[in-house]
Amino acid sequence: MSGGVQKHTILARVGHWSMASAILIMIGSGWRIYDNVPILPFQFPYWITLGGDKNLATVTSNDWGTGNAIAWHFAGMWLLLFGFSMLLLNGVITGHLRRDWLPVSPRAFWRDFVAAAKFKLDHKLGQYNAVQKVFYWGAVFCIAMMFISGLAIYKPVQLGWLTWLFGGFPDARIVHFVFMSLIVGFLCVHVALVALVPETLRAMILGRAGHEEPSAPPMPQSEVAQ
Amino acid sequence: MSVDKGLRTEVARRAILGRGLSLGALTMLTGCDISDNKSVQAALHSVSRWNDEVQAALFSKQRLAKEYAADEVAKTFRYNAYYPANIVSPIDPTTYRLGLAGRITDKRPWTVAQLQAMTRHTQRTRHVCVEGWSYVGEWTGPRLSEFLHRVGADLTAKYVGFECADGYYEGMDMPTALHPQTFMVMSIRDKTLPDRYGFPLKIRVATKLGFKNPKWVTAIWVTNDRPRGFWPDRGYNWFSGI
C-alpha cells in the first residue's frame, strides 16, 4: 500500500452501514424464507438464517420462523432503501460518484485487472482503480436488481407489469435468487479486501484514514494513464 | 432444545466467529435469535403495521390480477391449511348454514342451495402463497361484492371478517372485499368444491396472499374493528396484498 488519504462524509458512512446491516438482514431472513420452499435442491443451514429459534416458532407460530423472517425482510427493505438513498444522495451532492466512480473504460479495467491478477496493482487509499470501479458499479446494479425483482415478487398484481418484465412470478423468484448469490459473492470479496487493507475500514467508521504526503508527486489516476 | 445441545451450539458458534470475518459469521451476528427478543418483535410488528398502510395505499380497486387461459390451469391444486389433508373434516351440506353478523341489514343465514343459486363467475388467476410457491387455479362462484350488496351490508364499513368451520379466521379491508376478483367460491374447474379445498364455501381473493383466502367459511361479518387473522396472529403481515 502506498499512502493516500481516504475520507468519507457522515452521510456516506450512515448510508454504508445502514445498507450493510440491511443487506445482512435481507440475506439472513431471505435464506429462512427460501428454506421453507427451496427452488434448488439444497437448503441453507438453519443457524446462518435469520428468523428466531425454529423450535420456539413451532410452538408460538406454528411454523419454522418463516413469519418472523418475513417480518425482518420487509423491515430490512426500508433500511436498505434508506441506506441506498443516503449513498446516492451523498454521491451526487459531494461529486463523489462523478469524481471517484467515473470514468471507467474497458481498457482501464483490463489493464488494472491484469495488474491485480499479478499482484502488481498498487492500492492508494481514496483512489479507486478500474477494477474497483467496475466492482462497485456491479454491486449497485445487483442491489438495484434485487430491489426491483423483490418488488415483482412482493406485488405481482399491483406491480404486475414489473412481474411480467421478469417473465412472471416463478421466474422473478429465480432472478431474485441469482442476484442474491452475486451480492454474496461481492460481500466475500469486499470483506476479504477490507481485511487486506484495514485502513479502509477505519475510514468507513471514523470518516478518515491514511496521511497526506505533500512532498510526493501525485499518483496518476488510473484512467489518466491511458 | 436441551441445555446441552444449546451449549454445544453456542460453543460451535463462538468457534466459527473466532475464525474471522466469514459471511456466515457476519450473518450470524444478526441471527443469534435476537429475533425472539420482545422489543425486537415489537419493532418488527410496528413496521409490519406501517407496511399494512403502504399496501392499502398501493391497492387499486380497478387493477386486476392477470387472468390465464384454461390450459394454463394447474392439474391439481395444492392442498394447504394449518394441518394435514387427512384430518380435514367434511361439512354436511344439509345442516350447513352461512351465518351473517355485524353491519348487515339482512342477517338471515344462507343454505348451500341459496348460495348456489347466485349468479356465478369464473376466474383463472395465480394463487401465491406467503411461502413462495404458487399455481394457476380456476375458481367459480358469485362475487363477494354482489353478496354484500344483496344482504344489505354497510359498504362504508372498513372491514369484512370470516369465521371457518376448522377454527381458522381471517379478515380483509372493504376495498379488497369489493374487488371484482374477490369471489365466494362454490366450485373449481366446473366441479363442486371438494372437501379438502373448503366445501361448501371458500373465499378467493386474487389480490392477496394464499392465507387470506379462507376455506370452510361458516360466517361473514362486516365491521369497523379490524378482524384478526389466524396467521397475522402468528406474526404474519395483516394486509398481505400482492
Side-chain angles (χ1 to χ4, degrees), chain A residues 20-21 23-25 27-29 31-34 36-39 44-57 60-63 65-72 74-79 153-160 163-164 168-170 173 184-185 187-188 191-192 194-195, chain B residues 1 6 9 12-13 16 20-37 40-41 43-48 50-51 54-55 58-60 63-66 82-83 125-126 128-135 181 206-208 230-237 240-242:
Chain A
S21 348
I23 286 175
L24 292 181
I25 289 172
I27 292 175
S29 58
W31 286 355
R32 179 74 68 98
I33 298 165
Y34 166 95
N36 214 55
V37 186
I39 51 175
F44 294 99
Y46 158 68
W47 57 270
I48 51 169
T49 65
L50 178 62
D53 187 288
K54 204 170 171 176
N55 298 320
L56 182 65
T60 58
S61 40
N62 206 28
D63 68 0
T66 314
N68 194 321
I70 291 168
W72 272 111
F74 294 117
M77 163 183 84
W78 294 110
L79 188 61
I153 300 169
Y154 191 31
K155 297 287 163 247
V157 173
Q158 305 306 329
L159 303 175
T163 316
W164 175 81
F169 181 81
R173 284 189 76 204
V184 170
L187 285 184
C188 293
V191 171
V194 170
Chain B
M1 186 193 277
T9 316
R13 275 179 181 168
I16 292 160
L21 288 168
S22 66
L23 172 74
L26 275 173
T27 312
M28 218 166 43
L29 284 176
T30 67
C32 288
D33 295 349
I34 57 162
S35 310
D36 297 322
N37 179 290
V40 170
Q41 288 282 354
L44 290 177
H45 184 70
S46 309
V47 180
S48 188
W50 157 252
N51 286 341
V54 174
Q55 293 177 92
L58 195 61
F59 178 82
S60 158
R63 208 168 290 129
L64 298 178
K66 187 188 169 187
Y82 64 96
Y83 47 84
T125 50
R126 183 176 290 279
V128 176
C129 178
V130 67
E131 295 176 316
W133 53 269
S134 69
Y135 66 84
Q181 286 169 315
T207 55
K208 285 197 190 286
F230 182 90
W231 290 110
D233 277 352
R234 285 157 180 80
Y236 287 78
N237 175 261
S240 284
I242 60 173

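The basis for the numbers below is simple: all heavy atoms, side chains too, and nothing from hydrogens, waters or symmetry mates. Here the structure is a predicted model, which means the values were calculated and not measured. To find a chain, count down the sequence lines: A is the first, B the second, and so on, and within it residues start at 1.
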Closest heavy-atom pair and its distance - [X], [Y]:
{"X": "A:A71", "Y": "B:L44", "result": "O-CD2, 3.9 Å"}
{"X": "B:W133", "Y": "A:R173", "result": "N-NH1, 4.3 Å"}
{"X": "A:W72", "Y": "B:S35", "result": "NE1-OG, 2.9 Å"}
{"X": "B:S60", "Y": "A:Q158", "result": "N-OE1, 3.3 Å"}

Q.
As a test of understanding, state which of A:V37, A:D63, A:I33 forms a side-chain contact (heavy atoms from CB on, under 4.5 Å) with B:E131.
A.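 For B:E131, the side-chain contact (heavy atoms from CB on, under 4.5 Å) check succeeds only for A:V37.
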Measuring heavy-atom distances to chain A, does [X] have an atom under 4.5 Å in its side chain, in its backbone, in both, or in neither?
{"X": "B:S48", "result": "neither"}
{"X": "B:A206", "result": "backbone"}
{"X": "B:V130", "result": "both"}

Q: Find the one option among B:V47, B:I242, B:D36 whose heavy-atom pairs under 4.5 Å with chain A are most numerous.
A: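 Of the options given, most contacts go to B:I242.
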Q) For chain B, which of A:N62, A:T66, A:I70 has the most heavy-atom pairs under 4.5 Å? A)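 Ranked by heavy-atom pairs under 4.5 Å with chain B, first place is A:N62.
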Between [X] and [Y], is any pair of side-chain heavy atoms under 4.5 Å apart?
{"X": "B:Q41", "Y": "A:N68", "value": "yes"}
{"X": "A:Y154", "Y": "B:L58", "value": "no"}
{"X": "A:F169", "Y": "B:V128", "value": "yes"}

Q.
What I want to check is whether the side chains of B:N51 and A:W78 have a donor and an acceptor closer together than 3.5 Å.
A.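 A pair is found: one side chain offers a donor N or O, the other an acceptor, under 3.5 Å apart.
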